Amino acid sequence: MARYFAIRIGRAMITIILVVTFAFVVLRLSGDPALIIMGPEAPPEVIAAFRKAWGLDDPIWMQYFDYFGAIAKGELGRSMRDGRPAIALVLERIPATLMLTIPALLLKLAIGIPGGIFAALHRGSLIDRAVMIGAVAGFTVPSFVLGLVLVLIFAVQLGWLPSGGQETWRHAILPIVTLGIGGAAVLARFTRSAMLEVLGQPYIRTASAKGVSWRAVVLSHALPNAAIPTVTIIGFMVGTLIAGAVVVESVFSWPGVGRLLVVAVANRDLAVVQCILLLVAATMVTSNLIVDFLYGFLDPRLRNRETAGAH
């Protein structure tokens, strides 16, 4: 068990380092922050002084090691726009993002899991086809398109809800629904597939042949076993809570981390972008790590296979 967990933690740390390294290199190759922040009309000596003050005139390999050295000391840099610590700017926006993402996650679970189970138990019926058509539509429509359609219907045409902002709880309804529908569609399809696979197993037919009621077979045998693979997709959704809010927050002018990321990228505010990407990577890796741990407890065969492969 200890070896299994150690292997997973090691892989998680390597993943975070690779993600941060990729973001670091891409950001520095995508444009000069000095020209964007100071403006192309700024005198050359002013731009040179800005680069020197922020260490942008150092070789990229030196900037890379300085950045990781700062992370090791718990420093994530300062915003080139206002000089404030990048982590402070990000932490200010997290509550607003969680106001959308947590209810959206609950909406995904409340719609997706029951919908997938119901469709599997009525395979081939009109209900099953309706659920799957809705799931495919919810999965394929981009979130920004869905958001704009909801604004057009409920804000512009009907006037029931505001189109953007964060003044009242009513402003959160449309972005929450936009975030929740796509995830619910994915979860419904995945849950249906997991349920159908379990319902086709021999032990399900054996339990039914022994006279066990169908309700008891579903509740005691099918659902617990179908829940194991479903944990994977739920863990992925938890990990992408912040990343998934980027587009929706921009559409609805919601002042969260996602909108901050869009502005920071446009302004080449390197420290802020790197801080957000590090937060997103850590969230995704941590959620996947928790899923791996749950698998290790729920399925000892997986744990034994991982540790055997390590040898």
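All values below were derived from every heavy atom in this structure, side-chain atoms included, with hydrogens, water molecules and symmetry-related copies excluded. Treat the numbers as computed from the prediction; the structure is a model and nothing was measured.
Under the side-chain contact (heavy atoms from CB on, under 4.5 Å) criterion, R170 pairs with L161, P162, T168, sequence neighbours left out. Evaluation of the side-chain contact (heavy atoms from CB on, under 4.5 Å) rule for S163 yields V151, A155 as partners, not counting sequence neighbours.
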Does the pair R78 and W54 meet the rule for a side-chain contact (heavy atoms from CB on, under 4.5 Å), with working shown?
CA-CA 9 Å; R78 291 181 173 273; W54 291 98; 4.1 Å; yes
Step by step, work out the side-chain contact (heavy atoms from CB on, under 4.5 Å) result for L260 and V272.
CA-CA 8 Å; L260 175 64; V272 176; 4.1 Å; yes
Test side-chain contact (heavy atoms from CB on, under 4.5 Å) on L121 and M195 and set out the steps.
CA-CA 8 Å; L121 295 177; M195 278 291 294; 4.1 Å; yes
Test side-chain contact (heavy atoms from CB on, under 4.5 Å) on V20 and F68; report intermediate values, then the result.
CA-CA 9 Å; V20 174; F68 271 92; 3.8 Å; yes
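The two residues G180 and L107 have their closest heavy-atom pair at CA-CD2, 4.0 Å. Taking all atoms of both residues into account, the shortest heavy-atom contact from Q274 to F24 is OE1-CD1, 3.5 Å. Here the closest non-hydrogen pair linking I181 and G138 is CG2-CA, 4.2 Å. What you find for A120 and L196 is that their closest heavy atoms are O-CD2, 3.7 Å. Residue I113 comes nearest to T191 through the heavy atom pair O-CG2, 3.8 Å, listed as atom of the first residue, atom of the second, then distance. Pairing each heavy atom of A271 with each of A86, the nearest pair is O-CB, 3.6 Å.
If you take OG on S125 and CZ on R129, they are separated by 7.0 Å, rounding to the nearest 0.5 Å. Between the CG atom in L261 and the CG atom in L277 there is a gap of 6.0 Å [rounded to 0.5 Å]. Atoms CG and CD1, on L174 and I153 in that order, are 10.0 Å from each other to the nearest 0.5 Å. In this structure, CG on L279 lies 13.5 Å from CZ on R93, to the nearest 0.5 angstrom. Here the CD1 atom belonging to I176 is positioned 9.0 Å from the OG1 atom belonging to T101, to the nearest 0.5 angstrom. L270 contributes atom CG, which lies 12.5 Å from atom SG of C275 (distance to the nearest 0.5 angstrom).
Judged purely by atom type and a 3.5 angstrom limit, S287 uses its side chain to pair as donor or acceptor with the backbone of M284. Without hydrogens or angle criteria, S250 side chain to V246 main chain gives a donor-acceptor distance under 3.5 Å. The main-chain N or O of T283 is never found under 3.5 Å from a side-chain atom of T286 such that the two would form a donor-acceptor pair. Between the side chain of R192 and the backbone N or O of G116 there is no donor-acceptor pair closer than 3.5 Å. A donor-acceptor pair under 3.5 Å is absent between the side-chain atoms of Q166 and the main chain of W254, judged by distance alone. A donor-acceptor distance shorter than 3.5 angstrom exists from the side chain of T97 to the backbone of V257, with no hydrogens or angles considered. Checking side-chain atoms of D269 against main-chain N and O of M80 turns up a donor-acceptor pair under 3.5 Å.
Transitive grouping of hydrophobic side chains (ILVMFWY, heavy atoms separated by less than 4.5 Å) brings F144 and I173 into a common cluster. The cluster map of Ile, Leu, Val, Met, Phe, Trp and Tyr, joined by side-chain heavy atoms under 4.5 Å apart, puts I60 and F22 in different clusters. No chain of hydrophobic side-chain contacts below 4.5 Å, direct or via other Ile, Leu, Val, Met, Phe, Trp or Tyr residues, connects I71 to V26. Placement of I16 and V273 within a single hydrophobic cluster is found when ILVMFWY residues are connected by side-chain heavy-atom separations under 4.5 Å, directly or transitively. Both Y67 and L89 sit in one connected hydrophobic cluster of ILVMFWY residues. Membership requires side-chain heavy atoms under 4.5 Å apart, directly or through other members.
Between D82 and S79, the closest side-chain pair of non-hydrogen atoms falls below 4.5 Å.
Residue M62 qualifies as enclosed at atom CE: its count of foreign heavy atoms under 6.0 Å is above 12. No more than 12 heavy atoms of other residues, nucleotides or ligands lie within 6.0 Å of CZ in F65, so this atom counts as exposed by the packing criterion.
Between E92 and R84 there is a salt bridge, since a side-chain N of the basic residue sits under 4.0 Å from a carboxylate O of the acidic one.
Hydrophobic side-chain contacts under 4.5 Å tie F118 into a cluster, directly or through other members, with I127, V131, M132.
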